[in-house]
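The structure appears below as structure tokens.
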Number of protein chains: 2
Amino acid sequence: MNISVSIYDKLKSYGFKLTRGRKLIINFFIDRNQPVSAMEIMDFLHKRKINLHKTTIYRQLEFLLELNIIRQLQFADRKKMYEIRTSDHHHHLVCKNCQKTEKVASAALETEIQTMEKDILAGSDFKNIRHSLEFFGLCRQCQ
Amino acid sequence: MNISVSIYDKLKSYGFKLTRGRKLIINFFIDRNQPVSAMEIMDFLHKRKINLHKTTIYRQLEFLLELNIIRQLQFADRKKMYEIRTSDHHHHLVCKNCQKTEKVASAALETEIQTMEKDILAGSDFKNIRHSLEFFGLCRQCQ
DNA sequence: TTGACAAATGCAACTATGTTGCATTATTAT
DNA sequence: ATAATAATGCAACATAGTTGCATTTGTCAA
């Protein structure tokens, strides 16, 4: 099944509405398949003469986060980034200068992180352990 | 040698001045030995009736970063955090709710991350690879 | 197809965090 | 004590995100 349709079905089953803006944002996330910021969503829509208010964009992001359709990332700068949630667990390699992003993944690393999370659960008072691992560097153009 | 004195010496050797504000900020970093935000520094100073302007605080942070005396971290929220640079490589376990922070470390994990960084260097166009790994959870009080 | 109802949106005003240019002050070496 | 310049303060601005409330839109049942 098409990803966007399965997301639409999920929203419908909860009783949420499929508005034009919501569909556009969801599809933008799917097509980009990369971290995007609120600003990039705004620009994308604005170029296509679709005037969704910034408040609406932020509220859609909050909404999609709550439903676990997207995840939030935090890179070096101040902006929050978001990406569509897919089953593959990956991390990012982000250019410190231009923010260009690539996905990276390593099974061995995942295993080690999972061990670490178990150790933390056992050795601290914290619950619901999650992690964020990102790599930074300078891409070819910015070197 | 005392940490703060060695930092003072470093600054002096560069020809930078040891102002009251700079010394207070450096010592706050040393004493806290934890990530702190610009706001926390301001509050700390303000409580002691020391009125350093926020511009000055931000400029000191920039300055200390450039000299590698502190490092910048980015957790889930919008604020940037900073901590004194020490030789021990560690990560953080941050409460998603109250931002309470603990240090965590694992030799096995470091090895795996280093391998990953080497792989990235070999397999991408990126140079100067660094990483950021943070764990999140809910601390005892916030569960 | 049309209402009714809740979900979603737009708008204005606001908050928090951080930045810039420039005039003034403080620290340091001599 | 003074000159040189590093550091500071201030006002104004920039950016990212938030809130309350009135209005509009999408959905479902009739």
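Note that this is a predicted model, so its numbers are computed, not measured. A note on names: the letters A, B, ... follow the listed sequences, proteins ahead of strands, and every chain is numbered from 1.
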Exercise. Only pairs at least two apart or in different chains count here, so list each ring pair (Phe, Tyr, Trp, His ring centres under 6.0 Å) that has a residue in residues 91-123 of chain B.
Key: B:Phe75-B:His92, B:His89-B:His91, B:His90-B:His92, B:His91-B:His131
Quiz item: Can you check the A:Leu24 CG to C:dT9 C1' distance for me, whole Å?
Solution: 14 Å
Quiz item: Can you tell me how far P of C:dA16 sits from NZ of B:Lys80, to the nearest Å?
Solution: 19 Å
Self-check item: Distance in angstrom units between B:His53 NE2 and C:dT24 P, rounded
Solution: 16 Å
Quiz item: With A:Phe16, which residues qualify under ring pair (Phe, Tyr, Trp, His ring centres under 6.0 Å), at least two apart?
Solution: A:Tyr14, A:Phe63
Exercise. Taking B:Glu40 for its side chain and B:Met81 for its backbone only, find out whether a donor-acceptor pair lies under 3.5 Å.
Key: no
Practice problem: Return the value, rounded to whole Å, for the distance between atom CZ of B:Phe63 and atom C1' of C:dT19. | Solution: 19 Å
Quiz prompt | Distance in angstrom units between B:Glu62 CD and D:dA7 C1', rounded | solution = 13 Å
Quiz item: Between residues 54-61 of chain B and DNA chain C, which residues have a heavy-atom gap below 4.0 Å?
Solution: B:Lys54, B:Thr55, B:Tyr58, B:Arg59
Quiz item: If you group Ile, Leu, Val, Met, Phe, Trp and Tyr by side-chain heavy-atom gaps below 4.5 Å, do A:Leu65 and A:Leu18 land in one group?
Solution: yes
Quiz item: Taking OH from A:Tyr14 and C1' from D:dT27, how many angstroms apart are they, rounded to a whole number?
Solution: 19 Å
Under 3.5 Å between N/O atoms: give me all the protein pairs with nucleotides 28-30 of chain C, atom names plus distance.
from   : atom 1 : to      : atom 2 : distance (Å)
C:dT28 : OP1    : B:Leu18 : N      : 3.0

Quiz prompt | Heavy atoms of other groups near A:Arg20 CZ, more than 12 under 6.0 Å | solution = no
Quiz item: Does B:Lys103 NZ have over 12 foreign heavy atoms under 6.0 Å away?
Solution: yes
Quiz item: Counting heavy atoms not belonging to B:Lys10, are there more than 12 under 6.0 Å from its NZ?
Solution: yes
Practice problem: Pull out every residue in residues 31-51 of chain A that has a heavy atom closer than 4.0 Å to any atom of DNA chain D, ordered by number, or say none. | Solution: A:Ala38, A:Met39
Quiz item: Under the 4.5 Å side-chain heavy-atom rule for ILVMFWY, direct or indirect, which residues accompany A:Val104?
Solution: A:Leu93, A:Leu109, A:Ile113, A:Met116, A:Ile120, A:Leu121, A:Phe126, A:Ile129, A:Leu133, A:Phe135, B:Leu93, B:Val104, B:Leu109, B:Ile113, B:Met116, B:Ile120, B:Leu121, B:Phe126, B:Ile129, B:Leu133, B:Phe135
Exercise. Find the distance A:Arg20:CZ to D:dT27:C1' and express it as a whole number of Å.
Key: 18 Å
Practice problem: Among D:dA7, C:dT9, C:dA8, find the nucleotide with the atom closest to the side chain of A:Leu52. | Solution: C:dT9
Quiz prompt | A:Gln34 side chain vs A:Thr101 backbone, donor-acceptor pair below 3.5 Å | solution = yes
Quiz item: Going hydrophobic residue to hydrophobic residue with side-chain gaps under 4.5 angstrom, can you get from A:Ile26 over to A:Leu24?
Solution: yes
Practice problem: In whole angstrom, give the distance that lies between atom CD of A:Gln72 and atom P of D:dA16. | Solution: 15 Å
Quiz item: Would you say A:Lys96's side chain and B:Arg130's backbone share a donor-acceptor pair under 3.5 angstrom?
Solution: no
